[in-house]
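Okay, structure first, notes after.
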Amino acid sequence: MRKNKQKIVYKLTNEYAQTRGGTQWGPGISHSGNGEGGLCGPGYIHFYDDPLLAVLLNPIHADLRKSRLWEAVTSGKVLTDNGLKSGSKTLTTLREIPLPEITTEHRVRFAILCALEVGGSDSFRSWANNWLNGYDRSEAARSEEHTSELQ
């Protein structure tokens, strides 16, 4: 008989290992919602599937200034917002891990990938793919048209 392996997920907290409303987290701490309603309601505890997503999306989610990152495991029902964030009925933090270092290049790459997901002109897509592949990152390759598509 094989045991189910739990998937490691990631929880961001503030510098005091707390989330909204002063909810305290730390090694071996679990919190639960009721598993009802939508992802952003009281029924689910938020987490990320990847440490990089946690850091990259923090400014548009919790906007924690001095954040800490925790490995965690889920139990119960899980909802997801197309991979941008997820929530589970119960979340247990296991241990704190270092925040990944995000460079300007990482942020630009993420922005370009997001823009490509929603479309763009053929010339933008060509420029974006060339930038992502490292073929041409020159200032001359970036036109005003492309810059406006990233905004």
Side-chain angles (χ1 to χ4, degrees), residues 7-27 29-121 124-134 136-139 141-151:
K7 179 182 173 186
I8 299 292
V9 297
Y10 303 91
K11 178 73 176 167
L12 272 181
T13 67
N14 68 16
E15 63 196 289
Y16 306 109
Q18 297 175 343
T19 52
R20 187 176 302 225
T23 303
Q24 190 66 52
W25 295 91
I29 294 179
S30 296
H31 291 284
S32 297
N34 60 20
E36 297 176 7
L39 178 59
C40 292
Y44 295 91
I45 309 297
H46 288 154
F47 66 86
Y48 294 92
D49 289 323
D50 186 275
L52 289 171
L53 278 179
V55 174
L56 286 165
L57 295 174
N58 176 39
I60 63 169
H61 289 160
D63 197 23
L64 302 167
R65 301 292 177 199
K66 295 181 180 180
S67 54
R68 295 168 69 179
L69 186 61
W70 301 83
E71 284 186 340
V73 291
T74 65
S75 59
K77 188 175 177 183
V78 172
L79 295 180
T80 186
D81 180 15
N82 298 314
L84 295 177
K85 66 180 167 186
S86 298
S88 64
K89 182 177 177 186
T90 300
L91 188 75
T92 303
T93 45
L94 303 174
R95 67 185 180 103
E96 185 174 5
I97 61 171
L99 286 166
E101 292 186 34
I102 306 292
T103 66
T104 299
E105 182 176 335
H106 291 131
R107 292 183 192 284
V108 171
R109 177 176 293 279
F110 185 66
I112 291 170
L113 289 168
C114 289
L116 284 171
E117 282 298 311
V118 295
S121 66
F124 171 76
R125 296 181 80 70
S126 175
W127 168 83
N129 286 315
N130 284 337
W131 193 97
L132 292 168
N133 293 326
D136 190 356
R137 294 186 176 177
S138 69
E139 188 71 25
R142 185 180 53 128
S143 73
E144 188 63 36
E145 172 189 354
H146 300 146
T147 302
S148 67
E149 290 190 56
L150 281 173
Q151 295 174 349

Residue pair [X] / [Y], side-chain heavy-atom distance below 4.5 Å:
X	Y	value
Tyr44	Val78	no
Tyr10	Leu52	no
Lys89	Thr74	no
Val9	Leu91	yes
Thr103	His106	yes

Backbone N or O of [Y] within a donor-acceptor pair of the [X] side chain at under 3.5 Å?
X	Y	value
Asn58	Leu64	yes
His31	Gln24	yes
Asp81	Lys85	no
Lys11	His46	yes
Thr93	Ala72	no
Arg107	Leu56	no
Asn34	Glu36	yes

Rounded to the nearest 0.5 Å, how far does [atom2] of [Y] lie from [atom1] of [X]?
X	Y	atom1	atom2	answer
Leu116	Trp131	CG	CH2	11.5 Å
Arg109	Ile102	CZ	CD1	12.5 Å
Asn14	Thr19	CG	OG1	8.0 Å
Glu15	Ser67	CD	OG	10.0 Å
Trp70	Leu94	CH2	CG	10.0 Å
Ile112	Asn129	CD1	CG	9.5 Å

To check you understand the geometry: which heavy-atom pair defines the closest contact between [X] and [Y], and what is its length?
X	Y	answer
Phe47	Ser88	CE2-N, 3.6 Å
His61	Tyr48	ND1-OH, 2.6 Å
Leu79	Gly37	CD1-O, 3.8 Å
Ser86	Asp49	OG-OD2, 3.8 Å
Thr13	Trp25	CG2-CD1, 3.8 Å
Ala54	Leu69	CB-CD1, 4.0 Å

